[in-house]
Structure formats: C-alpha cells, structure tokens
Amino acid sequence: MTEHVFSSEKIRQLQELLHQPKKIVITTHHKPDGDALGSSLGFLNVLAKAGHSIAVVVPSEFPSFLDWMNGSGDAIDFRKHPHKVKVVLKNAELLFCLDFNDPSRVEKMQAEITGLDIPMVLVDHHLDPKPGFCNIQFSYPAIGSTCELLVHLLVALNLDHHIDRNAAECFYAGIMTDTGSFRFNSVTAGTHRVIARLMEAGARNYFI
C-alpha cells in the first residue's frame with residue numbers, strides 16, 4: 001500500500017506521545033455516522049493492541065445498524081452518562097478528535113473537551129479546521145473519509161501491523177459509507193489500495 005505523505009515533525013510528535021502506554025480517549029462528532037464510529041472503534045482496537053488504555057466517548061447516540069462494530073457496546077454516550085464521560089476525560093492523558101473540525105460539533109460536550117489541559121490530536125477530512133483547536137492536526141480534505149486517512153496515519157506511525165479483522169471491518173465500513181459505496185469522486189486508486197489492505201487483514205466486505 002502506498003504511504004500517504006505526512007509532516008515528519010507531526011509524525012515524530014505523535015510517536016513520542018504514543019511511545020509509552022497512556023490513558024487515551026477517542027471522541028467524534030454529534031450523531032456519529034459510519035465514518036465517525038468506524039474511525040473511533042477501529043482506532044480503539046489498534047491502540048488497545050498497542051498497549052494503551054482506551055475509552056471512546058460520543059456526544060450522542062449512534063444508529064443501531066452500526067452496533068455490530070467491535071467495541072460499540074463500550075462507547076460512552078455523553079447524553080446518557082454525562083458524569084461517566086466527565087470522569088473518563090478528567091483521567092485522560094491524551095485525546096483524539098476524529099472526523100470533526102470544530103469543537104462545536106460535539107455540541108453539549110464542547111465545554112468538557114475545550115477545558116482539557118492534555119495533548120489533543122485532530123484526524124479529520126473536513127474543510128477548514130478551527131485554528132488552534134488541537135495541538136497536532138492531521139487535516140486532509142482531499143481524502144474521502146477519516147477512516148481512510150487514519151489507515152494511512154497508522155502506516156506512517158508503524159502501527160498498521162495492529163490492524164486485525166475487528167479494526168479492519170470498522171475502517172472498511174467508514175470508508176464505504178462516506179464514499180457512497182465507492183461512488184463519489186473522492187474515491188481514488190489509493191482508496192482501493194487501503195480497502196485491499198483491510199481485506200488482507202480480514203475485513204469481510206460481504207458481511208459489512
């Protein structure tokens with residue numbers, strides 16, 4: 001698979017943050033869709049295999065047809081469990097913000113996110129990320145989904161060997177849904193190379 005070109009300095013900074021096991025929280029936007037939940041849960045599976053303690057928090061519930069994704073039952077809904085989310089965020093050492101470009105997109109959870117005094121990392125494909133929102137930003141609007149972007153990032157971080165079937169199927173679902181089942185003009189040859197990599201890791205396209 002061709003590796004996407006990232007800033008070597010940003011990759012170095014992120015590798016330093018992930019060098020030792022950490023308490024990491026992953027979050028995404030209000031009303032998570034396939035790409036939002038797929039990137040969050042796929043990344044959860046990878047980072048857990050890399051030895052980190054991971055929690056996924058979501059600002060609101062996600063559609064029931066995404067319940068099959070590995071780790072979906074452990075995602076904490078802020079609307080239903082605000083105190084639990086606050087405790088998880090208070091104890092976090094690192095926060096990943098996936099598939100959104102502005103803290104307002106987490107709606108009522110915004111105050112909890114912006115009030116943190118820990119490193120925050122943005123991985124997103126939407127236009128015009130809010131300046132200064134996160135310490136490290138991987139923003140690439142030319143890429144069709146955050147899941148595709150995240151797979152490239154994992155390759156750059158030398159963490160892609162942790163992509164197993166569980167992670168691969170989450171990433172595959174996110175790419176598929178955000179590209180209209182591979183119909184949109186954001187789909188490139190690189191997209192299909194990522195899909196091939198995910199299928200090699202065990203992703204069952206017929207199941208997804």
Side-chain angles (χ1 to χ4, degrees), residues 1 3-29 36-59 69-76 78 81 83-101 103 106 109 112-125 129 132-140 146-171 174 194 197-198 201-202:
M1 187 183 84
E3 183 178 332
H4 188 76
V5 178
F6 295 101
S7 160
S8 58
E9 176 60 20
K10 288 183 180 180
I11 293 297
R12 184 193 63 77
Q13 291 174 354
L14 187 49
Q15 285 176 328
E16 286 186 1
L17 287 173
L18 296 173
H19 181 64
Q20 298 290 340
K22 278 189 170 61
K23 294 179 181 178
I24 299 174
V25 174
I26 299 169
T27 193
T28 189
H29 60 74
L37 195 65
S39 58
S40 297
L41 297 180
F43 202 30
L44 175 150
N45 281 281
V46 169
L47 291 179
K49 288 189 72 175
H52 300 282
S53 176
I54 314 296
V56 170
V57 301
V58 292
M69 291 186 184
N70 188 270
S72 64
D74 296 322
I76 309 169
F78 180 73
H81 307 286
H83 179 69
K84 189 174 182 179
V85 170
K86 290 176 182 179
V87 170
V88 168
L89 288 171
K90 182 180 179 180
N91 293 325
E93 298 173 290
L94 177 62
L95 176 72
F96 281 94
C97 299
L98 306 184
D99 200 40
F100 66 103
N101 59 357
V106 300
M109 205 169 72
E112 312 304 325
I113 297 299
T114 55
L116 294 174
D117 187 24
I118 59 173
M120 296 170 58
V121 181
L122 174 74
V123 184
D124 181 50
H125 72 122
F133 167 36
C134 289
N135 306 88
I136 306 174
Q137 295 193 0
F138 294 94
S139 174
Y140 292 86
T146 295
C147 281
E148 180 182 344
L149 173 57
L150 199 49
V151 173
H152 284 297
L153 184 59
L154 290 170
V155 171
L157 293 168
N158 296 316
L159 291 175
D160 56 305
H161 60 284
H162 290 306
I163 299 177
D164 58 9
R165 170 178 282 183
N166 290 330
E169 291 190 334
C170 291
F171 291 143
V194 168
R197 168 68 180 82
L198 297 176

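Values below: every heavy atom of this structure, side chains too, minus hydrogens, waters and symmetry copies.
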For this session: Tell me, with the steps shown, if Val25 and Leu116 meet side-chain contact (heavy atoms from CB on, under 4.5 Å).
Result: CA-CA 12 Å; Val25 174; Leu116 294 174; over 6 Å; no

Gap separating the [atom1] atom of [X] from the [atom2] atom of [Y], nearest 0.5 angstrom:
| X | Y | atom1 | atom2 | result |
| --- | --- | --- | --- | --- |
| Leu157 | Ile11 | CG | CD1 | 4.5 Å |
| Ser53 | Asn91 | OG | CG | 9.5 Å |
| Thr27 | Leu89 | OG1 | CG | 7.5 Å |
| Leu95 | Ile113 | CG | CD1 | 5.0 Å |
| Met109 | Thr28 | CE | OG1 | 9.0 Å |
| Phe96 | Cys134 | CZ | SG | 10.0 Å |

Any idea which heavy atoms bring [X] and [Y] closest together, and the distance?
| X | Y | result |
| --- | --- | --- |
| Cys147 | Gly174 | SG-CA, 3.6 Å |
| Cys97 | Met120 | SG-CE, 4.1 Å |
| His81 | Ile76 | CB-CG2, 4.0 Å |
| Pro103 | Thr114 | CB-CG2, 3.8 Å |

Taking the side chain as everything from C-beta on, heavy atoms only, tell me whether [X] gets closer than 4.5 Å to [Y].
| X | Y | value |
| --- | --- | --- |
| Leu154 | Phe43 | yes |
| Leu41 | Asn70 | no |
| Leu17 | Gln13 | no |
| Ile118 | Glu93 | no |
| Val123 | Ser39 | no |
| Glu148 | His152 | yes |

Problem set entry | Residue list, side chain to side chain contact (heavy atoms under 4.5 Å, CB included) with Ala50, at least two apart or on another chain | His52, Leu159, His162

Exercise. Taking only residues two or more places apart in sequence, or in another chain, which ones meet Asp164 in a side chain to side chain contact (heavy atoms under 4.5 Å, CB included)?
Worked result: Lys49, Asn166, Ala167

Problem set entry | Set of residues satisfying ring pair (Phe, Tyr, Trp, His ring centres under 6.0 Å) with respect to Phe100, sequence neighbours excluded | Phe133

Problem set entry | Results of ring pair (Phe, Tyr, Trp, His ring centres under 6.0 Å) for Phe171 - residues two or more places apart only | none

Exercise. Would a distance-only check, ignoring hydrogens and angles, find a side-chain to backbone donor-acceptor pair under 3.5 Å from Arg197 to Asp160?
Worked result: yes

For this session: For Asp124 and Ser139, indicate whether the former's side chain and the latter's backbone hold a donor-acceptor pair under 3.5 Å.
Result: no

Exercise. Side chain to side chain donor-acceptor pair (under 3.5 Å) with Thr146: which residues, sequence neighbours excluded?
Worked result: Asp99

Exercise. Could you walk me through whether Val106 and Glu112 pass the side-chain contact (heavy atoms from CB on, under 4.5 Å) check?
Worked result: CA-CA 10 Å; Val106 300; Glu112 312 304 325; over 6 Å; no

Seminar exercise, completed: Only residue of Ile54, Val121, Ile26 satisfying side chain to side chain contact (heavy atoms under 4.5 Å, CB included) with Leu94 is Val121

For this session: Check step by step if side-chain contact (heavy atoms from CB on, under 4.5 Å) holds for Arg165 and Glu169.
Result: CA-CA 6 Å; Arg165 170 178 282 183; Glu169 291 190 334; 3.7 Å; yes

For this session: Mind jotting down which residue pairs meet the salt bridge (charged side-chain N to carboxylate O under 4.0 Å, His left out) criterion with at least one end in residues 10-27? Sequence neighbours excluded, please.
Result: Glu9-Arg12, Arg12-Glu16

